[in-house]
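This report refers to the structure that appears directly beneath it.
Residues take their numbers from the sequence shown, with the count starting at 1.
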Amino acid sequence: MIELKKKTKIKRLNLDLNRRLIFVSDMHGDLITFKEGLEEINFNDNDYLFIIGDMYEKGDLTYNLKTARYFMELNKKENVFCMSGNCDEVLRFILPKEAHKDFLYYTLVRKRSIINDMALEMRYPLGKDMDVEDFVEKIQDKYADIFEFMDSLDDIIIINNKIVLVHGGIDDIDNIPPYAISLLKYDNYYNLAKPQKLITIVGHYPTRNYRSDVACQNPILDFNKKIFSIDGGNHLVKGGQINFLMLHNLESMRFSYLYVDHYEKHVMNYTVSYDEPEDKVNFTYGSQNEVEIFEKDLDFYYVKDLRTKTRMWVQSSNVFESNGKYYCYEGSNTFLSVIKGDVISIVKKAKPYSVIKKNGYVGLIETKYLEYDL
């Protein structure tokens with residue numbers, strides 16, 4: 001039986017100073033997009049590849065099992081290092097007998113779990129009256145290799161005493177907690193943590209949530225604080241992406257990055273210019289921002305953010321009512337200017353505006369510019 005508390009697993013590496021290092025996290029079962037990213041960065045056996053957790057769970061496709069098996073094989077290569085994330089630990093925290101409510105929530109409400117994939121592959125019916133113990137016993141037997149893989153994952157990797165890798169975050173590398181959960185699920189780490197002794201690369205918390213002005217999913221590289229946050233919010237936030245952070249080599253300590261996403265791409269036929277808003281506002285993912293609704297235009301509400309008093313258009317699907325008040329959990333008041341020939345991602349096509357992404361930044365554009373031909 002899998003143990004509820006996982007003791008922290010630490011790996012210390014002394015790597016070749018002249019080889020490229022690649023860091024990526026929070027794929028969330030999006031194996032197709034991840035492989036596209038590997039091709040774009042020309043990943044090869046001369047590179048080191050570090051997967052900093054959340055390999056599966058939450059993706060739109062039933063790819064969790066396929067993704068887990070893919071990384072199990074990839075991890076056998078001498079130059080690949082897979083690490084644990086809180087989502088990779090889902091089997092540990094919702095399968096014990098005491099966690100029936102969590103188990104049923106994951107399987108019957110969220111439905112995008114590796115557990116659902118296992119049940120589908122086994123043709124085992126899930127339901128509120130199911131025999132959870134019987135199901136758990138069967139998957140622990142049939143998928144013993146996945147349980148073993150999950151248990152083997154490192155929680156912290158220290159590279160040449162220069163770089164620390166951890167999924168969520170760590171307060172003090174010289175005082176590592178004995179159990180891993182606080183390292184894997186450390187929300188808002190970049191804001192809460194003090195400056196680190198070594199460059200610390202983390203995932204877990206979408207970088208968009210660290211920006212109050214613009215909706216941007218690109219990595220945050222803070223050399224002063226020595227914290228690099230790389231979770232692009234793939235399959236979590238609107239316009240989410242997988243960020244590949246690259247270190248040219250350990251001697252130069254020169255970083256660059258590339259991102260990939262699963263959205264439809266569009267080549268702009270027009271140059272469209274918008275004025276920058278005087279006060280930029282980004283409703284961070286998942287937060288409840290109270291708004292006042294002024295009008296509706298097709299798929300959008302015109303609202304006032306009661307915190308900043310800024311007025312903006314937001315997609316109506318992002319607004320909900322609770323106890324007579326209205327809240328918006330995701331949105332931006334920025335319209336993105338584009339140049340003819342720009343390749344953009346269409347996050348959500350709607351009327352009269354669409355949500356698009358350019359260079360990792362998410363904003364609005366009038367939908368007519370996506371539909372007109374030259």
Side-chain angles (χ1 to χ4, degrees), residues 6-27 41 43 46-55 75 78-89 152-207 209-211 217-232 242-259:
K6 179 188 179 186
K7 291 185 178 179
T8 303
K9 295 177 71 67
I10 306 165
K11 185 187 294 292
R12 297 178 184 272
L13 298 173
N14 188 23
L15 301 182
D16 188 330
L17 296 177
N18 297 306
R19 292 169 65 177
R20 183 171 67 154
L21 291 79
I22 301 163
F23 310 97
V24 60
S25 75
D26 298 88
M27 291 69 63
I41 64 174
F43 169 67
N46 291 322
D47 299 320
Y48 295 113
L49 175 63
F50 296 89
I51 311 298
I52 313 178
D54 280 8
M55 292 171 278
N75 195 54
E78 64 86 20
N79 60 321
V80 177
F81 304 88
C82 292
M83 301 181 63
S84 184
N86 60 298
C87 286
D88 306 306
E89 293 289 324
S152 73
L153 297 174
D154 293 305
D155 305 298
I156 293 178
I157 292 180
I158 302 172
I159 303 172
N160 291 50
N161 205 33
K162 288 186 174 183
I163 296 173
V164 174
L165 308 181
V166 57
H167 179 70
I170 184 168
D171 288 319
D172 183 358
I173 192 59
D174 293 323
N175 187 22
I176 299 174
Y179 295 102
I181 185 58
S182 64
L183 304 171
L184 306 182
K185 189 171 174 55
Y186 194 144
D187 295 347
N188 201 23
Y189 173 68
Y190 173 62
N191 285 334
L192 296 177
K194 64 183 181 181
Q196 295 299 295
K197 178 180 179 180
L198 305 175
I199 289 177
T200 303
I201 303 177
V202 301
H204 178 62
Y205 201 67
T207 58
N209 278 15
Y210 290 124
R211 297 170 165 114
Q217 334 283 23
N218 294 336
I220 295 174
L221 309 182
D222 189 332
F223 285 90
N224 292 322
K225 204 169 184 180
K226 292 187 178 178
I227 294 176
F228 293 3
S229 180
I230 66 171
D231 177 8
I242 302 176
N243 290 318
F244 288 80
L245 179 66
M246 292 166 282
L247 174 57
H248 183 66
N249 59 57
L250 283 162
E251 280 195 322
S252 71
M253 294 301 287
R254 179 166 57 88
F255 290 86
S256 62
Y257 69 88
L258 173 145
Y259 76 80

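No option in N14, L17, N18 other than L17 meets the side-chain contact (heavy atoms from CB on, under 4.5 Å) test with L250.
Between V202 and I52, the closest side-chain pair of non-hydrogen atoms is not below 4.5 Å. The side-chain heavy atoms of F50 and L13, taken from C-beta on, include a pair separated by under 4.5 Å.
Closest of all the heavy-atom pairs between K197 and D174 is NZ-OD2, 3.3 Å. The minimum heavy-atom distance linking K225 with K194 is given by the pair CE-C, 4.0 Å. Between I230 and S25, the shortest heavy-atom distance links the atoms CG1-OG, 3.6 Å. Taking each heavy atom of M246 and R20 in turn, the nearest pair found is SD-NH1, 3.5 Å. Smallest separation of non-hydrogen atoms from I199 and M253: CD1-CE, 3.8 Å.
Residue-environment remark: NZ (K162) exceeds the threshold of 12 foreign heavy atoms within 6.0 Å.
Relative orientation of the Y48 and F81 rings is tilted, given thresholds of 30° and 60° on the angle between their planes. The aromatic rings of F23 and F255 lie tilted to each other, with the angle between the two planes from 30° to 60°.
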Query - Steps toward side-chain contact (heavy atoms from CB on, under 4.5 Å) verdict (M83, H167) - result: CA-CA 8 Å; M83 301 181 63; H167 179 70; over 6 Å; no

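Here the straight-line distance linking atom CD1 of I170 with atom CD1 of I176 works out to 5.0 Å at 0.5 Å rounding.
Between the side chains of Y186 and D171, at least one donor N or O sits under 3.5 Å from an acceptor N or O.
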